[in-house]
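FYI, side chains are in, hydrogens and waters are out, and symmetry mates aren't considered; it's all heavy atoms of this structure. Being a predicted model, the structure only gives us computed values, none of them experimental.
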Amino acid sequence: NAEYMGLKKMKYLLTREEVVIPEDIAATVKARIVTITGPKGSLKRSFKSSPVDMKLKKDEGKKVITIEMWMAKKKLKAQVKSIASCIKNMISGVTRGYKFRMKAVYAHFPINMREAQGGKACEVRNYLGKRDFKTIKAEEGCRITTAIKDIIEVTGIDLEKVSQTCGTIQQAFRVQDKDRRKFLDGIYVCAKGYQD
């Protein structure tokens with residue numbers, strides 16, 4: 001252990017990541033708040049909790065967002081790559097959009113699903129033969145469709161909100177007080193991809 005031996009942990013002088021912005025995308029960076037606007041809409045995200053320098057500059061006719069961190073230790077250094085990945089996901093969202101597909105799995109009692117509130121929620125009935133039903137609301141900016149039997153499609157431009165909506169649906173239909181190795185009834189994510 002380096003600290004036990006009296007040695008300091010190593011710091012990296014400069015950690016830098018660059019994200020190239022496509023021509024048809026508008027981007028702004030102000031006080032570590034990034035806004036990306038494209039054909040499918042606009043996304044805004046704050047990275048104020050991370051001690052990084054963020055700049056939007058033109059390099060050989062291309063727009064580039066640079067993320068820099070000086071004198072970072074190992075765990076802080078990882079944030080630079082994470083922020084770059086988040087910005088890339090935002091670009092993919094406003095150009096192509098995200099689509100997650102969920103499938104209802106059941107052994108005996110068929111799970112009935114239908115969209116509610118104009119695609120802003122999902123209504124599920126007959127889970128494990130129960131009389132009551134659950135209504136799961138989608139995150140803001142997400143849409144739920146149930147056109148195919150036993151399939152729920154969640155679409156949106158924000159990857160985190162689409163993923164959170166799917167996670168909320170899956171957790172709402174976890175089997176309680178039974179052996180989960182035997183009772184596998186539920187609604188699970190079966191495919192992830194883009195809208196087009």
Side-chain angles (χ1 to χ4, degrees), residues 14-69 72 76-103 113-122 136-148 150-171 187-196:
L14 174 63
T15 309
R16 174 188 283 181
E17 282 287 331
E18 291 187 347
V19 180
V20 179
I21 308 296
E23 291 181 4
D24 58 335
I25 301 294
T28 60
V29 177
K30 188 174 181 181
R32 285 181 285 183
I33 296 172
V34 179
T35 308
I36 306 286
T37 308
K40 288 190 177 287
S42 181
L43 289 173
K44 188 177 185 179
R45 179 142 184 198
S46 172
F47 298 102
K48 289 197 173 197
S49 60
S50 298
V52 293
D53 295 330
M54 298 181 75
K55 292 171 189 167
L56 176 66
K57 58 183 182 181
K58 282 198 173 181
D59 187 24
E60 298 175 1
K62 291 181 179 177
K63 291 179 286 183
V64 178
I65 294 177
T66 58
I67 305 127
E68 295 177 344
M69 188 182 285
L76 280 174
K77 185 175 180 269
Q79 290 184 16
V80 176
K81 189 88 173 175
S82 296
I83 291 169
S85 297
C86 285
I87 295 169
K88 286 174 186 172
N89 288 339
M90 289 166 75
I91 292 167
S92 297
V94 297
T95 50
R96 301 176 71 183
Y98 293 101
K99 184 201 283 185
F100 281 33
R101 183 172 278 194
M102 303 187 77
K103 185 172 176 61
M113 305 177 294
R114 67 183 185 91
E115 58 189 88
Q117 300 171 20
K120 291 181 180 177
C122 173
I136 312 297
K137 288 186 179 179
E139 294 284 319
E140 190 180 346
C142 296
R143 182 170 171 77
I144 295 173
T145 54
T146 54
I148 310 166
D150 293 341
I151 296 286
I152 293 176
E153 284 187 348
V154 183
T155 54
I157 61 172
D158 192 336
L159 178 61
E160 289 192 7
K161 288 185 177 177
V162 173
S163 302
Q164 182 60 58
T165 301
C166 291
T168 306
I169 292 170
Q170 185 167 326
Q171 281 193 326
I187 303 169
Y188 302 97
V189 175
C190 62
K192 301 176 185 179
Y194 298 105
Q195 289 181 26
D196 47 10

Presence of salt bridge, Glu17 and Lys88, under 4.0 angstrom:
no
To the nearest 0.5 Å, atom CD of Gln170 lies from atom OH of Tyr188 at 7.0 Å
Exam field: side chain Tyr194 to backbone Thr95, donor-acceptor pair closer than 3.5 Å
no
If we ignore hydrogens and angles and just use 3.5 Å, is the side chain of Arg101 paired with the main-chain N or O of Ile151 as donor and acceptor?
no
When rounded to the nearest 0.5 Å, the distance separating CG of Leu56 from NZ of Lys63 is 7.5 Å
For Thr165 and Glu139, indicate whether the former's side chain and the latter's backbone hold a donor-acceptor pair under 3.5 Å.
yes
Less than 4.5 Å apart, any side-chain heavy atom of Val154 and any of Val189?
no
Minimum heavy-atom separation for Tyr98 to Leu159, with atom names?
CE1-CB, 3.6 Å
Taking the side chain as every heavy atom from C-beta outward, state whether Ile87 and Met54 have any pair of such atoms under 4.5 Å apart.
yes
Can you give me the closest heavy-atom contact between Gly118 and Arg143, atom names plus distance?
O-NH1, 2.7 Å
What distance separates Thr15 OG1 from Glu68 CD, expressed to the nearest 0.5 Å?
9.5 Å
In Å, rounded to the nearest 0.5 Å, how long is the span from CE of Met113 to OG1 of Thr145?
10.5 Å
For the backbone of Lys40 and the side chain of Arg96, can you confirm whether one donor and one acceptor N or O come within less than 3.5 Å of each other?
no
Is it true that a side-chain atom of Lys30 and a backbone atom of Thr35 form a donor plus acceptor pair closer than 3.5 Å?
no
From Ile157 atom CD1 to Ser92 atom OG, the distance as rounded to the nearest 0.5 Å
12.0 Å
Between the CD1 atom in Ile91 and the CD1 atom in Ile21, the distance rounded to the nearest 0.5 Å is 3.5 Å
Determine the minimum heavy-atom distance between Gly38 and Ile25, stating which atoms define it.
CA-CD1, 3.8 Å
Any side-chain heavy-atom pair of Glu153 and Lys99 under 4.5 Å:
yes
Quick check: closest heavy atoms across Lys77 and Met69, and the distance to 0.1 Å?
N-SD, 4.3 Å
Heavy atoms of Thr37 and Val94 approach each other most closely as C-CG2, 4.3 Å
Distance-only, no hydrogens or angles: does the Thr146 side chain make a donor-acceptor pair with backbone N or O of Glu115 under 3.5 Å?
yes
How about Lys62 and Glu18: do any of their side-chain heavy atoms sit closer than 4.5 Å?
no
